[in-house]
Amino acid sequence: MTEDAKAAKERYKSTVQLPQTDFPMKAGLNEREPALQKQWAESDLYGRIRADRKGARPWVLHDGPPYANGDAHTGTGMNKILKDMVVKLRTMQGFDSPYVPGWDCHGLPIEHNVLKELGGKKPEEMTSVKLRELCLDYANGYVNKQRGQFKTTGTLGRWEKPYLTTNPVYEANVLRVFRDLYHKGYITRAKRPVHWSWAAQSALAEAELEYEDRTDPSIYVLMKATGPVAGVENVSLLIWTTTPWTMPANRAVAVAKDAEYALLEYTQAGKTARMVVAEELREDIVARAKLENVKVLKHLKGAELAGVKYSQPLWGFECPVVFADYVTLGDGTGLVHTAPGHGKEDFETGKREGIPAVCPVSPTGQYYSGDRLREELELPAGFKDEHGWFGFIEGKLIWKVNDGIVSKLREHGLLLHSEPFPHSYPHCWRTHTPVIFRVTEQWFVNIDHVEQGESRTLRQRILDEIKQVQWFPAWGEKRISAMVENRPDWCISRQRFWGIPIPAFYDVESGETCIDTETVDHVIGLVTQHGSNVWYDDANWPVEKLLPDAVRPDKFKGRKLAKMDDIFDVWFESGASHRAVMLADDELKDKFPANLYLEGDDQHRGWFQVSLILSVATQGKSPFKQCLTSAFVVDEKGEKGSKSKGNIWAIDQGVRDLGADLIRLYFASVNTSEPIPVTYDLIRGAGDNYRKLRNTWRTLVANLFDFTPEQHALAYSELRPLDQWVLSRAAALIEEVTACWERYEFHHAMRALVQFCTVELSAQYIDVSKDALYCEAKEGPARRRIQTVYWHVATLLVKLMAPVTVHTAEEMWQYLPKLESEPDSVHLAAWPKLDDTLRAMPELDKRYKLLFRLKAESDRVLDRLRKEKVIGKGYDANVTLGCNAALMTELAQHGTPEQLQAELPELLNVSKLLLDAQSDHGALQEFEPATDVQGLWVKVVASAEQACVRCFRRTGDVGSVKEHAFLCARCAEVVEA
RNA sequence: GCGCCGGUAGCUCAGCUGGUUAGAGCACACGCCUGAUAAGCGUGAGGUCGGCGGUUCGAGUCCGCCCCGGCGCACCA
């Protein structure tokens, strides 16, 4: 370039419309996000959203309450972010979509931690009320902490007035659910075997069990028959168990009536003996116990064992053989050790056969001592402990005697074989200790109860309701149905104090339980006013005051009553949230059932199920219409996050280090139905997408610096096909993103969004439209129509991003030239939808698909010439597209050769373009065959023309206007005007 | 043990009801631009679509078996 040309270039620079914007390229999230959040708080954005949508169709996501203990970590943080995304979407779609967060504040972990702070147990002088106050303080402390942590993610909601399960009104509503269940006959108090956590000293519900691996002794015990078996004397019944500690409670051996059994004679360690085992398992047992000289004396059906009695291996008294249909021949011996006090089925069998369910184990998992042990074992009168078992077990923790029992059985010649047995075993979810079965008196919700006026059991009604719910992912329906089909009655009582009391009394003399709907209602009244502490405040609320004669059933009037001291399972409390929140909160009560419950997929077993049970039983329907679950967050190794592993971090720390929008974008970009790896590096990886979105958008808005939509936007009809094509692609994007959101496939929506930015915008439209945008007349239509498209696209992109990158979208919104009618916050704006401008144009889609394929072929050749240093930028080149007849015919569908020739230079970013249909291109050396387009040859030559100093193109007419020697005709005209 | 989900380029994932040489983004390599510039554009390399067998004119896509990973269930006595 000559000196003159350089000077000219500088002179004309001011006539070029270069992009201008203050919208920063760098996100600076950790400064901007808190500032925006402050702004939202000060302008009460959430309140304004609520006011703005008042009266609109409701759409409610009902929040599942996280537990008020510990930090809000990545998992709970993700859950809140996903919820916020959905609520923001629904709000933009015009729904009235309040978000009322809640916390689960009662329960064992808090109780534990408070006791720990007190040195392990409640000080003698401390009242229960005082202790409960400490628990409440503890819970409230974590509510405040977690609230602050959640808010850093940019989540909007009624944070200042959340629902808490400790709120007296909430507590009263839990009791109302109980009252209704009681009234309808769903509640039973009964002695049954329940899962028992000896570490927590409480019964556990199914939802509170976690299966963990554990190795127990697997033992084969010989139960000596007291008489002949099928005519043969001195026969033992071989049983198998992995819980040797239950042997003291053994009261029967169960067999399958129809199964085939074998009566064997065998030699082991030089001694010969006889026993009965299932024929199918005989060889397995012989091999395991290394038996020799095995002879099958007889085959017999289980039924033939009727009437056989054996000597209890520890205590020596006679116990029966019984039949049971759960006896299987999969493993063991086919003869089942039955201890009705330690197993659900054993209990049922015992009940049927009139065998006592003895349970010599205390709440702490120790055998009772002394007389108590004797009593609990229900030993016969005059019993003598000849072998010293009594002293051996008494007072000991059951897990500590497992091995001792094994060796002692061996000493007595009762053990055929033992080996270690690894298996998964239910553990207490809070203390992570193995649970046991204990027979205790508990309160239950009867799942198979049929209430008056109904023909179906509650279980069946829940299953029917499950079918009415939309499950995301769809397999959730199968999973929860299977769980409901198989679940036992729900044990809702716990023997702790930090919770809502089960409002029942008993007659001190007779022991009879005193409860009816009136007494419960009375307590509900007191709890509403004073909170559940009334139950524990003996000084101010003695039983006479708690339940005055006036409200007692007649038979209890004037009697001495005492309070029962069970509390509700915390799942009962959270499961009642539909009643305590959805049906009771001023803002929500006319919006039941909720549109969506959204939690981790562990809640199929937990909150979803208990909510369904309680809502179907009391309201007759599911408390939610849709149910969305996400998988768990894991670390880079795919391991579940846990504090002890140190692979989990508090969400607010992540926000400070990485930025809320980046974390939100990450969670929106991954498939949340599969385990979600969460590490700083992975989230930083989402920064690629973030920057792409941000920069692409920045370019759009930087070219709108002189654009006011009301004044400058052109009508659809004034746009060129290329412009209309972008709008058509944008319309497709809106449809796809919206469809993905409706299916809650956030990551598919984000993919579409990023792809649109990188392909249609960045690589295609923006790249192609630069010349017109920069060099055409500032006010002319060639520039304004591109700005019109930019404006439409920039607007819809901000909106489509708004539920995810809530801060960035808001920041963008402030820089976007908007219609006067748009609100000041993007979160108050309307979700984009198709209209006369944003509309699908299939013909144009087809046209540009073809033309961009031609561009790709041209680019390939241009690239080669660049590497050969023949040309630099595209404007240095002239391109000839040699097309055969078939290709010309295809092209003709999209315009005349003249039209295409006029449009293609811009599209291909070259100075000149020729369509040549005449020659036999294959025979011409200067033409290069295309690789992906049939019938196309490409010829590229360096242009010999002078470049225009203003637009860089080599159009061949530079200097045609005398006054502007360095300009092409187009630029000269623009500059003149 | 039973059931569910997944196994596609180095990474994250698309591939609808089976149909031209399997796609995108990122990362990588090479080049261009320097008027999106701590940006942008182009080109390229990279995949036996977990394995084996089957159905079919044709399979990543359907069927069967197996392997790996994850999750759930439980009458594991």
Side-chain angles (χ1 to χ4, degrees), chain A residues 13 16-19 21 25-26 206 209 211 216 218 239-243 246 253-254 324-328 330-333 335-339 342-346 348 421-426 473 475-476 478-480 482-483 485-487 601-602 604-605 631-632 634 638-640 666 669-671 673-675 677 681-682 685-689 691-692 695-703 747-748 750-752 754-755 757-759 762-764 766-767 770-771 773-775 855-856 858-869 871-876 909 931-932 950-952:
Chain A
K13 187 125 184 171
V16 180
Q17 308 307 320
L18 295 181
T21 182
M25 183 178 274
K26 254 193 106 175
E206 303 302 308
L209 302 178
Y211 284 79
D216 279 307
S218 153
I239 63 96
W240 176 63
T241 181
T242 55
T243 52
T246 60
V253 166
D325 51 16
Y326 53 83
V327 176
T328 57
D331 43 20
T333 65
L335 295 98
V336 176
H337 154 58
T338 300
H342 292 308
K344 202 165 289 174
E345 293 183 316
D346 300 29
E348 296 304 323
F421 187 73
H423 59 158
S424 78
Y425 188 87
W475 49 259
K478 261 191 194 171
R479 175 182 289 192
I480 196 163
M483 288 177 180
E485 269 166 28
N486 297 320
R487 68 154 298 136
D601 59 20
D602 56 332
H604 285 124
R605 181 173 71 158
F632 267 70
V634 296
E639 283 178 32
K640 209 160 147 179
Y666 178 71
S669 307
V670 295
N671 179 359
S673 70
E674 298 274 319
D681 279 347
L682 284 168
D688 294 326
N689 285 342
R691 278 187 294 276
K692 191 72 207 180
N695 264 322
T696 306
W697 193 85
R698 182 172 178 270
T699 302
L700 297 177
V701 83
N703 285 295
H747 63 304
H748 288 160
M750 292 317 296
R751 162 183 297 277
V754 171
Q755 207 125 314
C757 285
T758 52
V759 180
S762 199
Q764 296 181 334
I766 291 178
D767 212 43
K770 278 183 205 166
D771 175 72
L773 209 42
Y774 298 167
C775 299
K855 177 176 160 75
S858 154
D859 279 340
R860 218 187 308 275
V861 182
L862 288 171
D863 185 66
R864 209 197 67 228
L865 293 182
R866 268 185 206 118
K867 284 182 177 151
E868 291 169 6
K869 304 292 177 197
I871 56 164
K873 65 182 114 181
Y875 286 150
D876 296 339
N909 262 312
T931 50
D932 287 333
R950 186 167 173 274
C951 72
F952 309 150

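Each chain gets a letter, A, B and so on, in the order its sequence line appears, and its residues count up from 1.
- Side-chain nitrogen and oxygen atoms of A:K692 include at least one within less than 4.0 Å of the OP1 or OP2 phosphate oxygen of B:rG40.
- Residue A:S762 places at least one side-chain N or O closer than 4.0 Å to OP1 or OP2 of B:rC41.
- Base-pair partner of B:rC33: not found among the strands shown (Watson-Crick or G-U wobble, both distances under 3.5 Å).
- The side chain of A:H748 places an N or O atom within less than 4.0 Å of a non-bridging phosphate oxygen (OP1 or OP2) of B:rA14.
- Among the atoms of the strands shown, none is found under 4.0 Å from any heavy atom of A:G343.
- When the nucleotides B:rC73, B:rC30, B:rA77 are ranked by their closest atom to the side chain of A:K867, B:rC30 comes out on top.
- Applying the 3.5 Å distance criterion, the base of B:rG42 shares no donor-acceptor pair with the side chain of A:D859.
- Side-chain atoms of A:V336 and A:E345, non-hydrogen and from C-beta on, never get closer than 4.5 Å to each other.
- When the P atom is compared between B:rA22 and B:rU61, the two are found 14 Å apart, to the nearest whole Å.
- If you take atom P in B:rG1 and the same atom in B:rA59, they sit 34 Å apart, rounded to whole Å.
- Residue A:H747 has its side chain nearest to B:rC13 when only B:rC13, B:rA77, B:rG35 are considered.
- Using atom C1' as the reference point in both B:rC13 and B:rA36, the two lie 28 Å apart (nearest Å).
- Of the candidates B:rC71, B:rG25, B:rG31, the closest approach to any side-chain atom of A:V759 belongs to B:rG25.
- Between the C1' atom of B:rG70 and the CZ atom of A:R479 lies a distance of 11 Å, rounded to the nearest Å.
- For the P atoms, the distance from B:rC62 to B:rC16 is 8 Å, rounded to whole Å.
- To the nearest 0.5 Å, atoms CD (A:Q764) and OG1 (A:T758) are separated by 9.5 Å.
- Side-chain proximity of A:R751 to the nucleotides B:rC5, B:rC41, B:rU12 is greatest for B:rU12.
- The side chain of A:V16 lies closest to B:rG35 when the candidates are B:rA77, B:rC73, B:rG35.
- Taking 4.0 angstrom as the limit, A:R864 places none of its side-chain polar atoms (N or O) nearer than this to OP1 or OP2 of B:rC30.
- In summary, the side chains of A:T243 and A:H342 do not present any donor paired with an acceptor at a separation below 3.5 Å, with no hydrogens or angles considered.
- Closest to the A:Q755 side chain, of the nucleotides B:rC4, B:rG44, B:rA24, is B:rA24.
- The separation between A:I871 atom CD1 and B:rG31 atom P is 15 Å, rounded to whole Å.
- When the side-chain nitrogen and oxygen atoms of A:H604 are compared with OP1 and OP2 of B:rC4, none of them lie within a distance under 4.0 Å.
- Comparing B:rC73, B:rA39, B:rA77 against the side chain of A:N695 picks out B:rA39 as the nearest.
- In this structure, A:D767 reaches the sugar-phosphate backbone alone: every heavy-atom distance under 4.0 Å involves primed, P, OP1 or OP2 atoms, never a base.
- Under a 3.5 Å cut-off, the side chain of A:N689 and the backbone N or O of A:A686 do not form any donor-acceptor pair.
- Counting only heavy atoms from C-beta outward, the side chains of A:Y774 and A:N703 approach each other to under 4.5 Å.
- For A:T242 and B:rA77, the shortest distance from a side-chain N or O to OP1 or OP2 is below 4.0 Å.
- Atom name C1', nucleotides B:rC11 and B:rC28: the rounded distance is 12 Å, in whole Å.
- Look at the P atom in both B:rU8 and B:rG60: the space between them is 15 Å, to the nearest Å.
- Across the protein-nucleic acid pair, A:Y875 atom OH and B:rG35 atom P stand 13 Å apart, rounded to whole Å.
- Separating the NZ atom of A:K855 from the P atom of B:rU43 is a distance of 8 Å, rounded to the nearest angstrom.
- Nucleotides B:rG18 and B:rC63, compared at atom P, are 11 Å apart to the nearest Å.
- Relative to the side chain of A:N689, the nucleotides B:rG25, B:rG6, B:rG31 differ in distance, and B:rG25 lies closest.
- Looking at A:K770 and A:D767, a side-chain N of the basic residue comes within less than 4.0 Å of a carboxylate O on the acidic one, giving a salt bridge.
- In this structure, the nucleotide among B:rA36, B:rG42, B:rG35 sitting nearest to the side chain of A:F952 is B:rG35.
- In this structure, A:K770 does not reach the B:rG35 phosphate: none of its side-chain N or O atoms is under 4.0 Å from OP1 or OP2.
- The interatomic distance linking A:K873 (NZ) with B:rC41 (C1') rounds to 13 Å, in whole Å.
- Side chain of A:R605 to main chain of A:M483: no donor-acceptor pair is present (N/O by atom type, distance under 3.5 Å, no hydrogens or angles).
- Within the shown strands, nothing qualifies as a pairing partner of B:rA9 under the Watson-Crick or G-U definition with both distances less than 3.5 Å.
- OP1 or OP2 of B:rU37 lies within a sub-4.0 Å distance of a side-chain N or O belonging to A:R698.
- Listed candidates were B:rA77, B:rG31, B:rC41. Nearest to the side chain of A:A763 is B:rC41.
- Between A:T699 and the choices A:I766, A:L773, A:T21, the side-chain contact (heavy atoms from CB on, under 4.5 Å) rule is met once, by A:I766.
- Judged by closest nucleotide on RNA chain B, A:R950 is the one of A:R950 and A:H337 placed further toward the 5' end.
- Here B:rU43 presents its P atom at 12 Å from CG of A:N909, a figure rounded to the nearest Å.
- For the P atoms, the distance from B:rA45 to B:rG70 is 36 Å, rounded to whole Å.
- Between A:K867 and A:D863 there is a salt bridge, since at least one side-chain N of the basic residue sits less than 4.0 Å from a carboxylate O of the acidic one.
- Positionally, the nearest nucleotide of RNA chain B for A:V670 lies more toward the 5' end than for the other of A:A856 and A:V670.
- Distance, A:W475 CH2 to B:rC2 P: 21 Å, rounded to whole Å.
- Separating the CG atom of A:L335 from the C1' atom of B:rA77 is a distance of 12 Å, rounded to the nearest angstrom.
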